[in-house]
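All of these numbers come straight from a predicted model, not from anything done at the bench. Every number for a ligand or one of its atoms is a count from 1 in the order of the listing. Throughout, numbering of the chain's residues begins at 1 and tracks the sequence.
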Amino acid sequence: MPIPANDFPRMWRDVEAEAVAVFREVGAGGWYILGPSVRAFEQALAQAWGLPHACGVASGLDALEIGLRALGCGPGSRVLTTPVSAFATTLAIVRLGAEPVFADIDEYGLIDLAACREAFARDPDLRWFVPVHLYGHALDPALLRALHKESGCVMVEDCAQSIGTPSGLTGEAAATSFYPTKNLGALGDGGALLTRSEAVASAARALRDYGQTAKYRHAHVGWNSRLDELHAALLHRVFLPRLAGWTARRREIAAQYLAGIRNPAIRAPGAPPGAVSCWHLFPVLVEDRAAFLRRLRAEEITGGEHYPVAIPDQPVMQTVRWHAAGSLERARAWCRAEVSLPIHPYLTDLEINRVIEACNRYAPGH
Ligand SMILES: Cc1ncc(COP(=O)(O)O)c(C=O)c1O
């Protein structure tokens, strides 16, 4: 049996009865956009996250973009961020007319907070920061807090991959995604902005809805970026209650991989020491990625690449202004070598062992 990167049909079998009941209820209720289900989900999400406000939007990209904009980021703002992430992190910055400033990554694939510190110290006009809690590994909160305080930057944390960890609590706002592959994935697109600030929350609520501050009163150039009632109800009543169990299973799988993969040709960096991770992905590094992916495919295992090209090397980046805060060599080397092993919560122990055995059998050059 093939082992896919994510097994949505298996998830559907688990949730179907509850999801269909929610679908019937929302359908019969007759309120489909920005109604009671969105409000109830926002409350539950904010409470689970430990922040007072959550604002549901149409995607993680929009959550980042709306969060930055609500805080005043715009044309000409320079935003320190990572060259290794989903492209959406940088796209949010670029779409606002702002300019990404890339700092290199550390040995776990996360933005290097020491490099960020230097960048802020070198350039007092650098005011914006979008750190990414990549792979589900929460960046060190004490270091983030110190950096935030010292630099006086405005920080929007990209928590698209880190829901279920203590991330997103340091900056002015945090953005997350409900893209189906995410740890809290919907049956389509969705996202949310979380914040301590009433002002940021109400600006985001206006921005997601054509910039309206009251019905037919448009104060801002906004978006149509509304989380719909159906998805809010599914997320709230079917998926959110499962998140803790799913996260626990991901952690078990990561522990089994870390203990079981014993092949000098495969380096599993794991999470930084002391970091809390929800193991959105399980990255390993190999010298010959194409050969390793072929080996996995031969054993009917789908490997992923997160991410094969460093963001500043993407073709579109030739058309926009961006800056590098130092060398980006680690990022580029990471992007050449990274492969993600399957780590969804519906993997069975037998499948985990098959992945471990396939890794341990891998012989580069054969
Ligand atoms: C780190 C990161 N940031 C932002 C996003 C954007 O989220 P979405 O796909 O919901 O727009 C994603 C997901 O693709 C992501 O992984």
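The backbone and the side chain of Ser59 each have at least one atom closer than 4.0 Å to an atom of ligand 1 (non-hydrogen atoms only).
Residue-to-ligand polar distances keep Asp189 apart from ligand 1: every N/O pair is separated by 3.5 Å or more. The shortest N or O to N or O distance between Lys182 and ligand 1 is below 3.5 Å. Distances between N or O atoms of Ala88 and those of ligand 1 include no value under 3.5 Å. Distances between N or O atoms of Leu61 and those of ligand 1 include at least one value under 3.5 Å. Between Tyr179 and ligand 1, no pair of N/O atoms sits closer than 3.5 Å.
Atoms of ligand 1 lying under 4.0 Å from any heavy atom of Ser177, numbered from 1 in the order shown and given with element: 7 (O), 8 (P), 10 (O). Counting atoms of ligand 1 from 1 in the listed order, those under 4.0 Å from a heavy atom of Val132 are 1 (C). Below 4.0 Å from some heavy atom of Ser85 lie the following atoms of ligand 1, by number and element: 1 (C). Ligand-side atoms of ligand 1 in range of Thr89: 3 (N), range being under 4.0 angstrom from any heavy atom.
In this structure, the protein non-hydrogen atom closest to atom 3 (N) of ligand 1 is Asp158 OD2, 2.7 Å. Ranking the protein heavy atoms by distance from atom 2 (C) of ligand 1 puts Ala160 CB, 3.4 Å first. In this structure, atom 8 (P) of ligand 1 lies nearest to the protein heavy atom Gly60 N, 3.4 Å. Closest protein heavy atom to atom 16 (O) of ligand 1: Gln161 NE2, 2.8 Å.
Counting non-hydrogen atoms of neighbouring residues, nucleotides and ligands closer than 6.0 angstrom, the CZ atom of Arg117 reaches no more than 12 such neighbours. By the neighbour-count criterion of 12 heavy atoms within 6.0 Å, atom CZ of Arg249 is densely surrounded, having more than that number from other residues, nucleotides or ligands. Within 6.0 Å of atom CD in Glu305, more than 12 heavy atoms from other residues, nucleotides or ligands are found, so the atom counts as buried in its surroundings.
Residues Gly190 and Leu227 share a closest heavy-atom pair of CA-CD1, 4.0 Å.
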Practice item. Apply the test ring pair (Phe, Tyr, Trp, His ring centres under 6.0 Å) to residues Tyr210 and Trp223: give CA-CA distance (whole Å), side-chain angles for both, the deciding distance (0.1 Å), then the verdict. Key: CA-CA 5 Å; Tyr210 312 136; Trp223 282 251; over 10 Å; no
Point to revise | salt bridge (Lys or Arg N to Asp or Glu O under 4.0 Å) evaluation trace for Glu338 with Arg332 | key: CA-CA 10 Å; Glu338 196 276 347; Arg332 293 193 167 105; over 6 Å; no
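Salt bridge status for Arg267 with Glu107: absent, with no side-chain N to carboxylate O gap under 4.0 Å.
Side-chain contact between Leu296 and Val339 is present, with heavy atoms from C-beta onward closer than 4.5 Å.
Contact between Gly191 and ligand 1 is absent, with no heavy atom of the residue lying under 4.0 Å from the ligand.
A donor-acceptor pair shorter than 3.5 Å cannot be found between the side chains of Ser59 and Asp189.
Asp209 pairs with exactly one of Arg226, Lys215, Arg217 by the salt bridge (Lys or Arg N to Asp or Glu O under 4.0 Å) rule, that one being Arg226.
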